[in-house]
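Here is the structure we will look at, set down as structure tokens.
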2 protein chains.
Amino acid sequence: MRPTVNDIARAAGVSLATVDRVLNARPGVTEKTVQRVNAAIDQLGYVRDVTAANLARQRRYRLTFVLPEAPELFVATLRDALAEAGRSSAADRTEIRTLSFPAGNPHALVRTLRTLNSANTDGVAIFAPETPHVRDAILRLKSDGVPIVALVSDLPNTERDHFVGIDNIAGGRTAAFLMGKFHGKRGGSVMVLVSSMQARDNVERRLGFDQVMAESFPEIEVLPSLENHDDEDITARVVSEVLDARPDLTGVYSVGHGSRALVEVLRAHHRARQLTIVAHELTSVTREALRSGDIDAVVSQDVGHIVRSALRILRAKIDGVGIVPGQERIRIEIVVRENLS
Amino acid sequence: MRPTVNDIARAAGVSLATVDRVLNARPGVTEKTVQRVNAAIDQLGYVRDVTAANLARQRRYRLTFVLPEAPELFVATLRDALAEAGRSSAADRTEIRTLSFPAGNPHALVRTLRTLNSANTDGVAIFAPETPHVRDAILRLKSDGVPIVALVSDLPNTERDHFVGIDNIAGGRTAAFLMGKFHGKRGGSVMVLVSSMQARDNVERRLGFDQVMAESFPEIEVLPSLENHDDEDITARVVSEVLDARPDLTGVYSVGHGSRALVEVLRAHHRARQLTIVAHELTSVTREALRSGDIDAVVSQDVGHIVRSALRILRAKIDGVGIVPGQERIRIEIVVRENLS
DNA sequence: GACTAGATGAGGTACGTACCTCATGTCAAT
DNA sequence: ATTGACATGAGGTACGTACCTCATCTAGTC
């Protein structure tokens, strides 16, 4: 049988009320008594029964997810994963609210963040670019005592409690490794398509990509980044131009969260199969392109894992308990045709 | 606020006792009343508070893991993951017991399984080969009402409740895809090293590997399997022989759970860097070899995820509740130098 | 109409913890 | 010696569910 608070009280020679004060860091206990209680806790190996505690505490977790209203399929898969998590969240006393803001509109984002406070939410998960105003809004929330995790794209200068996502530099390095290895010993030239050089994750991936290409595959030429601002028309145009101008092209690296237009253009030009194509994020589009052989590899992150991890971490922060680091590490997944779940 | 049993009772116009009888399938309720209660449950969207229920029920989860006593590092990493999970398991009323049996000794395994019954364990996770006696022992446990999950290597003919691990055919296919892609357009010949053709997972991987090599990379010759029975001396000898006999060798596929001896021999022969090497399972050995560039890719499964998933599934089976399939799908991970977390 | 089996209700205790109130104890400063 | 601040104890209620006992009601049987 596991020891209970009563056992601790008996062992420490104090009353239940005192054990309770110690356990919940309530004032009014001498340092000496605190230590006696803690000694008993250690000795008996007491672990607080979190389920009973939460029951007694009537704890609900009102969590808010702040997500961009973006056209990329990746954001949609993230929303799907969140919806799925929401379906089973009632069982663990968690209420999920989703707030959206138009992508690329920091003012709208800040307005959204301003509506949040410790009275209406117990924790916030946010997927957004870091701007000074966003930083301020997050600092305010933090100082209001609301735990915050950054999703997918880190907010390193905001004192967020945790970042849930992959190391994007390593993600870019991984993409480069695959690109280089799939080229074999022969040289070539690689087109790089980013959504925006404002987005931290895009920049980091590009950085990592360049590092490995330079270190390990110097025989391959890496072309300058093409920005598409997540606009499919722009993508179609710039990719077409490069395809025409560079008949010697051997590879394409799609850095951003969306790859639909890219795949379409490459198919229209009948170049997909001859090129080595590495993209990010597993979506219906990249999934299908992997299956058909048009994309060779996808570097991805599991959106279901991201959402569940964010929920676990926020709840842990609210409860003031620790997390299992291994469980919360989002892996840089490499997906090819054959391990497509 | 979530509805409680009291709300259901009021809505259905019955007493709490009747709701309780319906919820817990106790006898003594007319079919008509059952339906009235169920209607109220549906209408109010009642979900049983599992934590409160388990508290009242005094539920403990006594779970048993049955693992081989094997020399491969992979089994050690699995044990480490289990130990780590054990450290935080007290918080969720879970007691983990680990039983070991000498690998390759089905009799000892059966003896071990015979000690288990519903009186001393609430659920069993087992990593073992499927033999007729094992199958019988598992069927007996099942009919005793003990939920069972198979770990890593499936036991498809035993009515185990769940398999926690990867699809090993797809794992082999993935290894082949990488092997072929890393070869580029040039042909070559690939050595295949298995631990034993008795082990179901090894056989399946080899099968998947051959499928993809034949379909997609016919220019590469795949040599017959070399069995090492997880013996490092045998490995050293047979690998050396092939290296000497086949100077044209271009790749090595290590199917089993251990790769230490292989890496050592290849290094001793100074052949590691020129060969394309694909292995299974991320361990300290393969991790280091990826980093040094001696191994090119590892096809792996997250042992931490496997253990946590097994625990979640067993608890869910014991509670008679559903699982989140996406959370329990063990991914076929591709690990290269750059995404080595 | 008496009897009986079964359905249902009323009310309790328990699980382990949180959190509250009030009484009492202790000790040091005045 | 009195006061007050603070430490501690005693005992309660609550959370949502499980599970128990006993009383009462209902419908059908003879």
Side-chain angles (χ1 to χ4, degrees), chain A residues 1-38 40-41 44-61 90-95 122 315 318-321, chain B residues 1-38 40-41 44-61 90-95 122 315 318-321:
Chain A
M1 269 297 100
R2 288 176 53 189
T4 73
V5 273
N6 283 294
D7 301 322
I8 303 300
R10 207 173 318 118
V14 299
S15 78
L16 201 113
T18 301
V19 175
D20 180 67
R21 291 184 184 109
V22 173
L23 278 178
N24 297 292
R26 276 185 260 277
V29 188
T30 339
E31 182 54 31
K32 223 179 66 187
T33 312
V34 171
Q35 300 200 347
R36 218 167 63 238
V37 172
N38 281 328
I41 288 176
L44 297 190
Y46 170 80
V47 205
R48 181 204 238 106
D49 185 325
V50 185
T51 65
N54 285 345
L55 180 61
R57 208 187 301 238
Q58 275 276 75
R59 169 81 82 198
R60 291 177 311 153
Y61 303 91
D92 36 12
R93 308 169 151 272
T94 302
E95 296 160 19
D122 300 315
R315 279 195 295 252
I318 292 168
D319 288 341
V321 301
Chain B
M1 268 298 98
R2 289 175 53 188
T4 73
V5 271
N6 283 295
D7 300 323
I8 302 300
R10 209 172 318 118
V14 299
S15 78
L16 204 120
T18 301
V19 174
D20 180 69
R21 291 184 184 109
V22 172
L23 278 177
N24 297 292
R26 275 186 261 275
V29 188
T30 340
E31 183 52 31
K32 223 179 67 187
T33 312
V34 171
Q35 300 201 348
R36 219 166 62 239
V37 171
N38 281 328
I41 288 176
L44 297 190
Y46 169 80
V47 210
R48 183 205 237 105
D49 186 325
V50 185
T51 65
N54 285 346
L55 180 60
R57 206 184 303 228
Q58 277 275 73
R59 169 82 82 199
R60 292 177 310 155
Y61 303 90
D92 34 14
R93 308 169 149 271
T94 302
E95 296 161 18
D122 301 316
R315 280 195 295 253
I318 293 169
D319 288 340
V321 301

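Only this structure's heavy atoms are used, side chains among them; waters, hydrogens and symmetry mates stay out.
- The residue A:Asn24 sits close only to the backbone: its heavy atoms come under 4.0 Å of sugar-phosphate atoms, none of a base.
- The side chain of B:Ala17 lies closest to C:dA10 when the candidates are D:dC19, C:dA10, C:dA18.
- Remark: P of C:dC19 and CG of A:Leu23 are 11 Å apart, rounded to the nearest angstrom.
- You'll find that the side chain of A:Val5 is closest to C:dT17, out of D:dT8, C:dT17, D:dT17.
- Toward the 5' end of DNA chain D, the nearer of the two residues B:Leu16 and A:Val19, judged by each one's closest nucleotide, is A:Val19.
- The side chain of A:Thr18 places an N or O atom within less than 4.0 Å of a non-bridging phosphate oxygen (OP1 or OP2) of D:dG9.
- A pairwise comparison of heavy atoms in A:Arg36 and A:Val14 identifies NH2-CG1, 3.3 Å as the closest pair.
- For A:Val29, counting side-chain heavy atoms from C-beta on, the closest listed nucleotide (D:dT8, D:dA18, C:dT17) is D:dT8.
- OP1 and OP2 of D:dC6 both lie 4.0 Å or more from every side-chain N or O belonging to A:Thr30.
- When each of D:dC15, C:dT17, D:dA18 is scored by its nearest atom to the side-chain atoms of A:Tyr46, the top-ranked nucleotide is C:dT17.
- When the nearest nucleotides of DNA chain C are assigned to A:Asn54 and B:Glu31 by heavy-atom distance, the more 5′-ward of the two goes with B:Glu31.
- If you check every strand for non-hydrogen atoms under 4.0 Å, A:Asp49 touches sugar and phosphate atoms only.
- Closest to the side chain of A:Asp20, out of C:dT21, D:dC19, C:dA18, is C:dA18.
- A salt bridge is defined here as a Lys NZ or Arg NE, NH1 or NH2 lying under 4.0 Å from an Asp or Glu carboxylate O, and B:Arg59 with B:Asp122 fails to meet this definition.
- Without hydrogens or angle criteria, B:Asn54 side chain to B:Thr51 main chain gives no donor-acceptor distance under 3.5 Å.
- Between B:Arg48 and D:dA18 there is a side-chain N or O to OP1 or OP2 distance below 4.0 Å.
- The side chain of B:Arg26 contributes an N or O atom lying less than 4.0 Å from OP1 or OP2 of D:dC19.
- You won't find any donor-acceptor pair under 3.5 Å spanning the side chain of B:Arg57 and the base of D:dG16, going by distance alone.
- OP1 or OP2 of D:dG16 lies within a sub-4.0 Å distance of a side-chain N or O belonging to A:Gln58.
- Looking at heavy-atom distances under 4.0 Å, B:Arg93 makes contact with sugar-phosphate atoms alone, never a base.
- Spacing between atom CD1 of B:Ile8 and atom P of D:dA18 amounts to 12 Å, rounded to whole angstrom units.
- Between A:Thr51 and the phosphate of C:dG16, there is no side-chain N or O to OP1/OP2 separation shorter than 4.0 Å.
- Using a 4.0 Å cut-off, some side-chain N or O of B:Thr33 falls inside it from OP1 or OP2 of C:dT8.
- Here B:Val14 lies in heavy-atom contact (under 4.0 Å) with sugar-phosphate atoms only.
- Taking all atoms of both residues into account, the shortest heavy-atom contact from A:Ala9 to A:Leu16 is CB-N, 3.9 Å.
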